[in-house]
Structure formats: C-alpha cells, structure tokens
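Computed over heavy atoms, backbone and side chain alike; hydrogens, waters and symmetry mates excluded. Note that the structure is predicted; figures quoted are calculated from it, not measured.
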Amino acid sequence: MPGPIPPRPVAAAALLLTLMTLPAVPAAAAAKGAMEITTAPSHATRVGEPVRISGSGDEEAARYLRACVQERETGQAAWRTLACGATVGAGAGARVEARVRPRRRGVFQVRGVLYGLDRPDAPRPEVLRASPVLTVRVR
C-alpha cells in the first residue's frame, strides 16, 4: 500500500490545475506606426538650388497626428522645424511637404517628426516617432 503523497507535489498539482482553469488574457497590442521622409534631388545640390522634402507617417496610439520636417546644420545639436502638415485623425496618414534653399556650402541634416495630439488644437503635441536622419550635401 502506497504512503501519503508528500505536500510539494500536491501543491504543484493544485497550482497547475488553477492555472489551467484561468481564462486566457490576450497580450497588450503594441502600437504600430512609422515616419519616413525623402529628399529630392537625392544627390549633392548647389547653394540656392531648391531641395524638396516629403514625409508621411501614421501611428495607432494617438487620436490626431501631425507630421513635421526639421533641419539642422552639421555640428549643431538643436533641430529647427521647417514645416508641418495639417493635423489629421489617426489612420488617415499625416503628410508634410517642405522646400528649402540652402544658403551656404556644407552639409545639413533633415528628419521627419510625427506628433500625437489628444485634440486637433492641442497646444503641446507629443513626439511619437522620428524618421532616420537624411544628409544633404551643398556645394
């Protein structure tokens, strides 16, 4: 005749039975989105020649979105906003277009920034995403 069951296996079996009867909880959904920009021309440009910068972005985590283009000269830490597109509802895809005429030789960098807003006229939008930095050479 077998002896009594030790307490550890009984506790482990009870825990396993409890876990098996709990309802499955879905994992939290990760917010999906992206921000991309392009420049034209894509090759080195001359001083004063226009550079067109286009960007678009979308994000599921915000009610309203606004896409902007920022620039900075090489060696400077601060970004300066060149242009922003219209505020749109989430899922509509925020867009921005900007034209820049470089005033001096060298290199400047541009990036797209996607802002999230709670309402269309929110005074302080939250940065949701930034695109990779693109470099424009000016000769």
Is there a path of hydrophobic side-chain contacts, each under 4.5 Å between heavy atoms, that joins [X] and [Y]?
X    : Y    : answer
V113 : V69  : no
V96  : L117 : no
I53  : V47  : yes

Item checked: 4.5 Å side-chain heavy-atom contact, V110 and V133 ->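 V110 vs V133: side chains apart.
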How many angstroms lie between atom [atom1] of [X] and atom [atom2] of [Y], to the nearest 0.5 angstrom?
X    : Y    : atom1 : atom2 : answer
L134 : E36  : CG    : CD    : 10.5 Å
Q109 : T39  : CD    : OG1   : 12.5 Å
R66  : E126 : CZ    : CD    : 13.0 Å
L82  : R99  : CG    : CZ    : 13.5 Å
L65  : L128 : CG    : CG    : 6.5 Å
Y115 : M35  : OH    : CE    : 10.0 Å

If I compare all heavy atoms of [X] with all of [Y], which pair ends up nearest, and what's the gap?
X    : Y    : value
P123 : P125 : O-CD, 3.6 Å
L114 : A94  : CD1-CB, 3.9 Å
W79  : R111 : CD1-NH2, 3.3 Å
A98  : A83  : CB-CB, 3.9 Å
C68  : T81  : CB-CG2, 4.3 Å
P50  : P41  : O-CD, 3.9 Å

Notebook entry, point to check: Between Y64 and V88, does a side-chain contact (heavy atoms from CB on, under 4.5 Å) hold up when you go through it step by step?
Noted result: CA-CA 6 Å; Y64 296 95; V88 298; over 6 Å; no
Margin query: Please determine whether side-chain contact (heavy atoms from CB on, under 4.5 Å) holds for the pair E59 and R129, giving the CA-CA distance in whole Å, both sets of side-chain angles, and the decisive distance to 0.1 Å.
Written below: CA-CA 9 Å; E59 175 70 47; R129 298 190 176 276; 2.6 Å; yes
Note to self: Test of understanding: with side chain to side chain contact (heavy atoms under 4.5 Å, CB included), list the residues that count as partners of R139, not counting sequence neighbours.
What the structure shows: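 Residues passing side chain to side chain contact (heavy atoms under 4.5 Å, CB included) with R139: A44, R46.
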Next item on the list: Decide yes or no on side-chain contact (heavy atoms from CB on, under 4.5 Å) for V100 and F108, but give the supporting numbers first.
Entry: CA-CA 11 Å; V100 179; F108 73 93; 4.2 Å; yes
Note to self: Between R52 and E97 (salt bridge meaning N to carboxylate O under 4.0 Å), is one present in this structure?
What the structure shows: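 Yes, charged N to carboxylate O under 4.0 Å.
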Check: When you check the gap from the basic side-chain N to the acidic O, do E73 and R104 get nearer than 4.0 Å?
Finding: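 Counted as a salt bridge, because a side-chain N and a carboxylate O are separated by less than 4.0 Å.
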Notebook entry, point to check: Would you say the side-chain atoms of S131 pair up with the backbone N or O of G112, donor to acceptor, closer than 3.5 Å?
Noted result: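 Yes, S131 side chain to G112 backbone: donor-acceptor pair under 3.5 Å.
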